[in-house]
Amino acid sequence: MIITFNTVQRTVIPILLCVISFNLFGQSFSHPGILNSRAELDFVKSKIIAGEEPWKSSFDTLKESNYSSLTYIYKPISVVECGSYNKPNIGCNDIVDDGMAVYSLALMWYFTGDQRYAGKAIEIITAWSDIYQQNINSNARLVVSWATPWYVNGAEILRYTNAGFSETHLAKFNGLLDKFLPYTLDDSMPGNNWVQSAIEAQIAIAVFKDDRSLFNQAVDRWKQRVKTYIYLKSDGPFPLSFKSNSESYVQNIWRSSCPGTGYMDGLCMETCRDLGHLGLGFGSMMYAAETAWQQGVDLFEPEIERITKFLELHAGWMTGVVAVPENICMGKVLARLNDKEGIAPPKGGGGKAWEIAYNHFHNRLGIELPYTSDLLLKRRPALAGHWVAKWETLTHGNLPFNLSNKK
C-alpha cells in the first residue's frame, strides 16, 4: 500500500510504535548493527547469489572497485596533516581511502565467504592501528570524521562474522578509535557537513564500543543539528541556529556563500554552496539515523516532514523537472564547488541519489517521493565515493521492513 505524508502518521506510525521502542537507551546493542544487521546482509547476499537487480549490478561495481582489490596498496602514517581543502595533503586521502578499502573488503568477505578479503581488511586496520598517532592542521577534525565510519563499518562486520578478527586485533583497533574520538566530539566545528560527519563517526564508534552514554550523546547531537541543517517554515522566518536565533548569526552560516537567499521547506544550509558539500552533510546525517534505527532508536519519524521535503525539493531540481526559483540561491544551485553554470532543466545535475533515506521513507513507511524515486532510478547503482558516500544501492536498495532491528 502506498500512502501519502498526510496519512502516514495516522496509519503507519502507530504500528511502528507498537513494535519499536524509540528510547532503548538502557538496552544492549545489536551486532552487527551500524549500517546493516546480519539479517539484512544475508538478504543482500541471497539476492546477489540469485542474480537479482539492483543487487547484482551493485555487487559487480563493488567487486570491480580498486577498494575491494586483494592487491590494494594501503599507506598508513603516524601524523596526518590536512589543511583547508586538504592543502597540505599529507595522508588525508590515504586515511580515508584505506578506510573505504576496509569496508569494501569486509562486504566482499561477507558476500563471497572468501577469507582473503577479510584478511586484507584486517591487515589494513592493523597497519593503521599500529602506526597512527594524530591528525593536525585545520581540516583535522573533518578528515577524521570522514575516515572513521569506513573503518568502523568494516570492523563491525569482521568482528561479528567469524572473519578472524581476534582479541588482539580488537584491542589495537579500539586504541585507534580512542585517538579518532576526540576529533569527532568537537562541537566548535562549523554546523555544516563537518558536524554531520562528526555525528556519523561518533555514533558508529559508540555502537562498536558498546558505549551507551556516547551513543545517547550522538543521538542528542543529531536531533539538534538536523533542525539547523534543514529548514522548515514552521521553524519561523529564519532557519534555526545552534547558538542563537539571531538573524545575523543565521546570515553568517546560511548566507555566506549566497547572500539574499529566500527560505522554503526542505532548503539546506549548504544548498547555496553546492550540491557536493550538501551531499556530504545529508549523507552522513542519514547514515547516523540508520545506525540509530538498527539499534531501535528512530530518528527518522520525528523529522519525516523535514527530511522528505528536503528530498523532494532537491531531487526535483537534480532531475531537471523543476527549475530553481529566482529567490532561492539567486536562482542558481551549483552541482559542485567549481560549477559555473548551475543545475537547470531539462538535465538538472549534481550529486548522488539517497538510497537509505528513500528506503526508509518510501519502502518502510510507504510515503510517495516521486522526484526522489526518479533520481534514484537514474543514478543507480550508488557507488562508494569521497568522502562519505557508501555502497547504498547494494546495502539498502529495496530492503524489506521486517529485516531491520533483528536481534
Side-chain angles (χ1 to χ4, degrees), residues 20-37 96 99 103 135 140-157 159-160 173-174 176-230 240-243 269 280-303 306-307 356-357 360 387-390 396 404-405:
I20 299 175
S21 170
F22 296 117
N23 191 22
L24 302 179
F25 285 8
Q27 295 190 9
S28 61
F29 288 97
S30 174
H31 298 288
I34 298 180
L35 286 184
N36 285 110
S37 66
V96 178
Y103 181 49
N135 272 59
R141 297 166 298 173
L142 178 60
V143 171
V144 172
S145 295
W146 283 339
T148 298
W150 294 104
Y151 289 93
V152 181
N153 273 289
E156 176 83 354
I157 293 172
R159 183 182 180 184
Y160 293 100
F173 185 57
N174 274 327
L176 179 64
L177 295 184
D178 289 342
K179 294 172 184 174
F180 284 167
L181 183 59
Y183 297 97
T184 74
L185 297 178
D186 188 341
D187 248 340
S188 67
M189 66 178 64
N192 52 15
N193 64 89
W194 285 48
V195 77
Q196 303 301 339
S197 292
I199 294 169
E200 179 196 355
Q202 180 187 349
I203 202 168
I205 292 174
V207 171
F208 187 84
K209 283 180 167 287
D210 290 305
D211 189 326
R212 182 59 61 178
S213 177
L214 191 65
F215 178 86
N216 293 350
Q217 183 188 31
V219 166
D220 288 342
R221 290 177 79 191
W222 192 97
K223 290 177 179 179
Q224 293 176 326
R225 295 295 193 163
V226 67
K227 296 180 186 297
T228 66
Y229 198 59
I230 301 173
L240 300 174
S241 70
F242 183 61
K243 295 181 179 179
M269 180 186 287
L280 295 174
F282 185 74
S284 283
M285 180 186 291
M286 293 300 98
Y287 299 142
E290 184 68 14
T291 301
W293 172 266
Q294 294 295 336
Q295 300 303 328
V297 177
D298 191 349
L299 296 177
F300 294 104
E301 188 275 332
E303 297 295 349
R306 191 179 303 274
I307 298 172
I356 285 180
H360 187 87
W387 301 91
V388 167
K390 311 297 190 287
H396 288 83
S404 297
N405 297 291

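For clarity, every value in this text was computed on a predicted model and none was experimentally measured.
- Residues Tyr229 and Val195 fail the side-chain proximity criterion, which asks for heavy atoms closer than 4.5 Å.
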Worksheet item: Stepwise, does the side chain to side chain contact (heavy atoms under 4.5 Å, CB included) test hold for Gln224 with Ile199?
Response: CA-CA 11 Å; Gln224 293 176 326; Ile199 294 169; over 6 Å; no

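- Judged as a ring-ring contact (aromatic ring centres under 6.0 Å, His included), and not counting sequence neighbours, the contacts of Trp387 are Trp146.
- Closest heavy-atom contact between Pro32 and Glu156: CA-OE2, 3.3 Å.
- Side-chain contact between Gln294 and Phe29 is absent, with no heavy-atom pair separated by less than 4.5 Å.
- By the 4.0 Å N-to-carboxylate-O rule, Lys390 lies too far from Glu290 to be salt-bridged with it.
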Discussion item. I'd like to know whether Tyr287 forms a side chain to side chain contact (heavy atoms under 4.5 Å, CB included) with Asn153, so could you lay out the CA-CA distance, the side-chain angles of the two residues, the decisive distance to 0.1 Å, and finally the verdict.
Written reply: CA-CA 11 Å; Tyr287 299 142; Asn153 273 289; over 6 Å; no

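- For Asp178, the salt bridge (charged side-chain N to carboxylate O under 4.0 Å, His left out) test picks out Lys209, with sequence neighbours left out.
- For the pair Asn216 and Val219, the minimum side-chain heavy-atom distance is 4.5 Å or more.
- Between Met269 and Thr228, the shortest heavy-atom contact is CE-O, 3.3 Å.
- In terms of modelled atom types and a separation under 3.5 Å, the side chain of Gln202 and the main chain of Leu181 share no donor-acceptor contact.
- Under the side-chain contact (heavy atoms from CB on, under 4.5 Å) criterion, Ala155 pairs with Ile125, Phe165, Phe173, Phe208, not counting sequence neighbours.
- When every heavy atom of Ile203 is checked against every heavy atom of Ala288, the shortest pair comes out as CD1-O, 3.7 Å.
- Aromatic ring orientation, Tyr151 versus Phe180: tilted (interplanar angle from 30° to 60°).
- Between Val152 and Leu177 the shortest side-chain heavy-atom distance falls below 4.5 Å.
- The shortest side-chain heavy-atom distance between Leu214 and Gln217 falls under the 4.5 Å cut-off.
- Listed for the His396 side chain is a donor-acceptor partner under 3.5 Å among the backbone atoms of Leu35.
- A salt bridge links Lys227 with Glu303: the closest approach of a Lys/Arg side-chain nitrogen to an acidic carboxylate oxygen falls below 4.0 angstrom.
- With sequence neighbours excluded, no residue satisfies side chain to side chain donor-acceptor pair (under 3.5 Å) with Thr184.
- Ser284 and Gln196 are not linked by any side-chain donor-acceptor pair at a separation below 3.5 angstrom, with hydrogens and angles left out of the test.
- The closest side-chain heavy-atom distance from Val207 to His31 is below 4.5 Å.
- With sequence neighbours excluded, no residue forms a side chain to side chain donor-acceptor pair (under 3.5 Å) with Ser145.
- When the side chain to side chain donor-acceptor pair (under 3.5 Å) test is applied to Lys179, no partner is found at least two apart in sequence or on another chain.
- Minimum heavy-atom separation, Tyr183 to Ala140: CE2-CB, 4.0 Å.
- Remark: side-chain polar atoms of Arg141 are not paired, donor with acceptor, to backbone N or O of Trp194 under 3.5 angstrom.
- By the 4.5 Å heavy-atom criterion applied to side chains, Met286 and Val388 are not counted as neighbours.
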Worksheet item: Should Phe282 and Ile230 be marked as a side chain to side chain contact (heavy atoms under 4.5 Å, CB included) after you check the CA-CA gap, both sets of side-chain angles, and the distance that decides it?
Response: CA-CA 9 Å; Phe282 185 74; Ile230 301 173; 4.2 Å; yes

